[in-house]
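What's counted below: heavy atoms across the whole structure, side chains too, no hydrogens, waters or symmetry copies. Convention: sequence-line order gives letters A, B, ...; per-chain numbering from 1. Model, not experiment: these values are computed from the prediction.
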There are 2 protein chains.
Amino acid sequence: MTPGDDAYPRIRLYDIRKACSTCSLRELCLPVALGREDTEALDHIVERDHPLRKGDKLCRSGQPFAAIYTVLSGSLKSSTQGENGEDQIIAFHLPGELVGLDAIGAGRHHSTTEALETTSVCKIPFSRLEELSRQIPGLQHQLLRIMSKEIFDDHELLQVVARRSAEQRLAILLLNLSQRFGRRGLSRTRFRLPMSRHDLGNYLGLAPETTSRVFRRFLTQGLLSVTGKEIEFLDLPALQALTESPSAPPRSSKQG
Amino acid sequence: MTPGDDAYPRIRLYDIRKACSTCSLRELCLPVALGREDTEALDHIVERDHPLRKGDKLCRSGQPFAAIYTVLSGSLKSSTQGENGEDQIIAFHLPGELVGLDAIGAGRHHSTTEALETTSVCKIPFSRLEELSRQIPGLQHQLLRIMSKEIFDDHELLQVVARRSAEQRLAILLLNLSQRFGRRGLSRTRFRLPMSRHDLGNYLGLAPETTSRVFRRFLTQGLLSVTGKEIEFLDLPALQALTESPSAPPRSSKQG
DNA sequence: GAAAGTAAGTGATTCACGTCAATGACGCTG
DNA sequence: CAGCGTCATTGACGTGAATCACTTACTTTC
């Protein structure tokens, strides 16, 4: 703890003490690979604000970039807008995940991020983070690492949207969400989708009706049960098999 | 870092002197926003090797990450492999553009990059670049900037693949290539596609046959002329209009 | 420079998924 | 808890693009 500035930790309103050091998500979040002391240093620059309500925007495309955020509870979606006005969801953010990395460097957001439900986030002013990362070598690297992961995830999504059938797309997303819930210690086979069917479809490049129908097919095949947004996997291996099957809309590339 | 050998510019074989400072691409490449002196510092860490022949691989998915590359002449494609064995081209790289950024941080490539024709690249060992970027503040920022752009480009591609018709996809790619040729002082309306129809289709999430048919349609509509890989735009405004038109396969999201 | 291999173009056919339309189920708000 | 709006589901239908099958045009090779 930097001495003397007890008065200044920028944690507002909601609990004044509980930041990264005591956060249950610290193993998933920015502090990964940071020691106790370094994590405490992070505590001092993290800010918390009112929780967002469903539909509230955390940041908008075009806005100057000032901070990155981590999700504390709830969930968000980020989307970009094409020239044609259609938007495309590029990511869903669950607790422990970082938001806003794509704006680092450009100095301006190119996506809009919106809460899918009541959501709390930690705000990490970027200038202070940069400053801190000059002192903590691991942090600088961690940042690059996370950005790199963002690129990797985008490529995976591209792969899915460009080369997979509707069933595969949905299966892949559900398994991915399952993993992410599992990482937080929640059930991997039973969870609540935070997003609407519409958003689900948009993310996967499908019409909402198609999404609905694929759910129905999974249901009748006994792969899972759906009740509104509640999902329960009944046949995980079959879902995984779907994922690996080679069938896909465009065939192309087979050269090694 | 590796002590002892920092005295020697690592430029091999092909011309010993000509690196960034005198490179015609320096305004497009890493040295953007660097001063004369800093650019000269870059000179000393850049390595050049034999040019690659068509089909040669610059790096493979899974390999440890050691360096980033910039294209000096020729062109490359990067692709990822899905579990199903299908690969998806995620980017084409033209002269002045950087390759391998997605591997920073993870320490390992997640894509394979291959020459589309005879191409020369500059190799920039990452450890030395990092070292240098500690001394040159602008360079660190430039790196982040370029990574951020990579994310942005991926989002654009996603937008295109997920929400656009075959005609729109091709038009968008052609216009994008045109711009990139233009930046290098080449014609924006007449150029040679470095990649096969197959690759073109793969990148856009289309079957090669579809790509071919779309070309044919453009041809009969008088939008452009195609002779093998030679392209000439005949009606640029019409192509641009295509790009902006709102029609797209999945409709979805219209909430603001 | 002929043979072989690979890439490109074209037509016929099929099918997955988008679109339109109508109904039913939640989940607010008062 | 009634009334409204949004979201989800389901069906009927149309279509854009994948597939399949084949021909034609380049490259590469010996």
Side-chain angles (χ1 to χ4, degrees), chain A residues 53-55 77 84 86 116-118 160-171 192-220 225-231 242 245-256, chain B residues 53-55 77 84 86 116-118 160-171 192-220 225-231 242 245-256:
Chain A
R53 275 156 309 165
K54 180 175 175 171
K77 63 175 177 184
N84 49 2
E86 307 256 350
L116 292 169
E117 59 194 311
T118 303
V160 168
V161 168
R163 316 226 83 79
R164 305 294 203 130
S165 69
E167 295 195 354
Q168 291 184 311
R169 293 185 212 187
L170 186 56
R192 183 171 203 283
L193 295 171
M195 71 293 283
S196 69
R197 294 288 191 274
H198 187 98
D199 286 345
L200 218 49
N202 180 295
Y203 178 75
L204 297 171
L206 299 172
E209 294 93 330
T210 303
T211 314
S212 192
R213 274 186 266 266
V214 174
F215 266 124
R216 169 127 260 303
R217 256 174 278 162
F218 285 172
L219 198 73
T220 54
S225 77
V226 207
T227 318
K229 302 195 164 172
E230 295 290 338
I231 298 287
L242 243 179
S245 87
S247 80
R251 152 216 47 183
S252 76
S253 63
K254 51 200 52 163
Q255 73 307 50
Chain B
R53 273 156 311 165
K54 180 174 177 173
K77 64 174 176 184
N84 49 3
E86 307 255 351
L116 292 169
E117 59 193 309
T118 302
V160 167
V161 168
R163 315 226 86 78
R164 305 293 202 133
S165 71
E167 295 196 353
Q168 291 183 312
R169 293 185 210 187
L170 187 56
R192 183 171 202 282
L193 294 172
M195 70 293 284
S196 69
R197 295 287 191 276
H198 187 98
D199 286 346
L200 217 50
N202 179 296
Y203 178 75
L204 297 172
L206 298 172
E209 295 94 327
T210 304
T211 315
S212 191
R213 275 187 263 267
V214 174
F215 266 125
R216 172 129 280 296
R217 256 174 278 162
F218 284 172
L219 197 75
T220 54
S225 76
V226 207
T227 317
K229 301 195 164 171
E230 294 290 338
I231 299 286
L242 243 178
S245 87
S247 80
R251 151 216 47 188
S252 78
S253 63
K254 47 201 51 161
Q255 74 306 51

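Spacing between atom NZ of B/Lys54 and atom P of C/dT6 amounts to 12 Å, rounded to whole angstrom units. In this structure, B/Gln168 atom CD and D/dA17 atom C1' are separated by 14 Å, rounded to whole Å. Separating the CD atom of A/Glu117 from the P atom of D/dT6 is a distance of 20 Å, rounded to the nearest angstrom. Nucleotide D/dC7 holds its P atom 12 Å from the CG atom of A/Leu116, rounded to whole Å. Distance CZ (B/Arg53) to P (D/dT27): 19 Å, rounded to an integer number of Å. One can place CG of B/Leu206 at 11 Å from C1' of D/dG16, the figure rounded to the nearest angstrom. At whole-Å resolution of the value, CZ in B/Arg164 and C1' in D/dG16 are 16 Å apart. When rounded to the nearest whole Å, the span between CZ of A/Arg217 and P of D/dT10 equals 12 Å.
For the pair B/Leu242 and B/Gln168, the tightest heavy-atom approach, listed with the atom from each and the gap, is O-NE2, 3.2 Å. Nearest heavy atom pair, residue B/Leu116 against residue B/Pro194, reads CB-O, 3.8 Å. Across every non-hydrogen atom of B/Ser225 and B/Leu219, the tightest pair is CA-CD1, 3.6 Å.
Under the side chain to side chain contact (heavy atoms under 4.5 Å, CB included) criterion, B/Ser196 pairs with B/His198, B/Asp199, B/Lys229, not counting sequence neighbours. The ring pair (Phe, Tyr, Trp, His ring centres under 6.0 Å) test applied to A/Phe218 returns no partner, not counting sequence neighbours. Residues forming a side chain to side chain contact (heavy atoms under 4.5 Å, CB included) with B/Lys54 (at least two apart in sequence, or on another chain): none.
The number of heavy-atom neighbours closer than 6.0 Å to CZ of B/Arg217, taken from other residues, nucleotides and ligands shown, is above 12.
Of the possible polar contacts, one joining the B/Thr220 side chain to the B/Arg216 backbone as a donor-acceptor pair under 3.5 Å is found. Here the side chain of A/Arg163 pairs no donor or acceptor atom with the backbone of B/Glu86 at under 3.5 angstrom. Between the B/Arg169 side chain and the B/Arg164 main chain, a donor and an acceptor come within less than 3.5 Å of each other.
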Requested in this report: Let me have a per-nucleotide readout for nucleotides 22-30 of chain C, 5' to 3', with B, S or -, counting only protein heavy atoms under 4.0 Å.
Outcome: ---------
Report task. Summarise how protein sits on nucleotides 8-14 of chain C as a single string, 5' to 3': B when a protein heavy atom is under 4.0 Å from the base, S for sugar-phosphate-only contact, - for no contact. Result -> SBBBB--
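The rotation axes computed at either terminus of the helix from C/dG1-D/dC30 to C/dG27-D/dC4 lie 60° apart, taking five pairs at each end and rounding to 10 degrees.
At a threshold of 4.5 Å between non-hydrogen side-chain atoms, the residues A/Leu170 and A/Leu200 count as touching.
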